Amino acid sequence: MSEKQTWQKPTLTAHRIGALNKFGNVNSTQFQETFEGVAIADLVEKYGSPLFVLSESRLRANARKLFRAFETRYADVVYSWSYKTNYLGAVCTTLHQEGAWAEVVSAFEYEKARSLGVPAEKILFNGPHKERAILERVVEEGGRIHLDHLDELYLLEDVAKAAGKQVDVTMRLNFDTGFTEAWSRFGFNLESGQAMDAARILGESEHLNLAGLHSHLGTFVLDPRAYAAQVRIMCGFMDLVETKTGCHIQSIDIGGGFASMNSLHGTYLPPEQVVPSFDQYAEAICNALNDATRERDVRGLGRPRLILESGRAVVDDAEILITSVIANKRMPDGRRSMVIDAGVNILFTGFWYNHQVIPTRPLEGVAEDTILYGPLCMNIDVMRSSVMLPPMNVGDTLVFSPVGAYNNTQWMQFIEYRPNVVMIDEHQQVSVIRAAEDLSVVTAQESIPEHLISIECKK
Ligand SMILES: *Cc1c(COP(=O)(O)O)cnc(C)c1O
């Protein structure tokens, strides 16, 4: 018996073979059968669909590229992995093995880094919410606290006093570089004088020493000149604050924000043309830093350590999402659509990126503008509002990429179970690094009061 064909209502799409039209090249021949040497079909058969797949080699290669770009241009560089970008244990430990410290923004993330074996002195603790209990633990263990606001400064002062300790702290700054919209809600503002006021308070504190400066401009910052401006501003403040308060700044932390090879909605040029390389970012940053600190060498002050907290640019292209076609549908306006088994519940970044979407086998037929809907019974569940794809059968698979940043952390358990996440190592061995959820996982934290346990109707 021959294979059953999927019936498609015929439509007309004018195009010329081999030529570009408003849809781009309609003879789409691109497909991806394997990832890191492993057949996509085998992965789906063994681990199900949808499925997140990480490449350990790519993750390591990205970290090494970042280290190389900066260490060849500046003497003292520390790279700290931003946990919120992807805190799966296997991801964090791979990066820690490559030499990354941990950058955390909550008590939970601090506890996770410690439980993975990261020593406290290699943990940078950012974020606006740090309560007394966690501050006590961090002070006790010697973690590195980045102050966000004055209330935190006073609380930490109190904690340090009670512990009878002198604590080195870093101040988070915010300011306008002229390149990106200033994230003024985090840290102390420079232009208003707030940052200098806080530095003066630290200068007079018996328990806290200002030893570092931090700022994080934002995310997906496409212009390396923004970082050069950031470094110049921070170094200017460093010199000023040292003169005025007698502190000694040992590190300049420029945060994260390097763009990854993804396409923001509304960007028309492909990422290959607009996203700078690590070398381009490093060149701008290290040139500015070397220039701004040259005098310090002469005066015997020493140059500050450079700290990087890059998240998305390191992990994004190390992970893909495999998803399967559930159904083909023709919309009332004639547009073609497909329902797939992965939705915005697990691919949160679908809200702002046009991920690359590639079939996993060569497909016959004319590519057509297609809407990709996720499996949720929610109108917002649109994975791509417009993508050119040839006809596909139920059960055919698609690869979404890159998906390594902000999905395995921002995903939510909503309507569906979250699927398996696997990692392929350098010898093509596949390991489950986060098992698919089932009913017991989803209900584990619930309890039902006694009088509600029976659902038998009393009438
Ligand atoms: C989120 C965050 C990062 C990482 O940002 P990316 O855009 O993923 O590089 C680094 N530092 C801080 C303080 C952050 O909040």
Side-chain angles (χ1 to χ4, degrees), residues 59 62-63 65-67 69-70 77-88 91-92 95 100-110 112-113 122-130 143-149 152 169-175 177 179-188 212-224 226-227 230-231 234 251-264 271 275-278 280-282 285 306-319 348-349 351-353 402-410:
L59 194 54
N62 289 349
K65 235 184 277 171
L66 181 76
F67 272 117
F70 283 88
V77 178
V78 159
Y79 170 54
S80 203
W81 170 241
S82 156
Y83 265 45
K84 76 170 186 293
T85 309
N86 189 325
Y87 42 60
L88 291 173
V91 170
C92 297
L95 293 167
W101 293 15
E103 187 273 326
V104 304
V105 291
S106 67
F108 150 63
E109 289 188 1
Y110 182 84
K112 182 145 194 186
K122 292 189 174 179
I123 303 178
L124 310 179
F125 198 162
N126 277 304
H129 178 213
K130 312 179 190 82
R144 296 172 190 259
I145 296 161
H146 289 194
L147 292 176
D148 186 77
H149 46 74
E152 189 170 84
V169 296
T170 290
M171 245 172 69
R172 178 164 182 166
L173 305 173
N174 70 69
F175 44 83
T177 59
F179 287 92
T180 59
E181 197 193 326
W183 279 12
S184 49
R185 56 167 288 183
F186 300 111
F188 299 88
L213 300 176
H214 170 277
S215 76
H216 172 68
L217 293 182
T219 196
F220 220 85
V221 178
L222 286 166
D223 193 338
Y227 290 97
Q230 175 194 25
V231 164
M234 290 178 81
S251 58
I252 297 272
D253 183 335
I254 60 160
F258 298 168
S260 64
M261 288 292 172
N262 227 327
S263 273
L264 278 169
V275 174
S277 65
F278 285 150
Q280 287 170 306
Y281 283 117
I285 290 161
L306 171 64
I307 303 179
L308 313 163
E309 301 174 347
S310 193
R312 70 169 72 250
V314 170
V315 75
D316 217 8
D317 73 356
E319 188 170 357
F348 198 76
T349 56
F351 286 125
W352 31 89
Y353 294 120
V403 306
Y406 299 101
N407 288 304
N408 299 141
T409 48
Q410 285 191 284

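In this text the structure is predicted, and so the values were computed from the model without any measurement. Numbering of ligands and ligand atoms starts at 1, following listing order.
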*Judged by modelled atom types alone, do Ser184 and Asn174 share a side-chain donor-acceptor pair under 3.5 Å?*
no
*Below 4.0 Å from any atom of ligand 1, which residues have a heavy atom? Give them in chain and number order, please.*
Ser82, Lys84, Thr85, Glu103, Asn126, Arg172, His214, His216, Thr219, Gly256, Gly257, Glu309, Ser310, Gly311, Arg312, Tyr406
*For the residue pair Tyr87 and Phe108, does the interplanar ring angle fall in the parallel (under 30°), tilted (30 to 60°) or perpendicular (over 60°) class?*
perpendicular
*Would you indicate whether the side-chain heavy atoms of Leu306 and Ile285 approach each other to under 4.5 Å?*
yes
*Using the six-membered ring of Phe125, assess whether NZ or CZ of Lys130 lies under 6.0 Å from its centre and within 45 degrees of the ring axis.*
yes
*Is there side-chain contact between Leu217 and Trp183, with heavy atoms separated by less than 4.5 Å?*
no
*Do we see a donor-acceptor contact under 3.5 Å between the side chains of Glu319 and Asn407?*
no
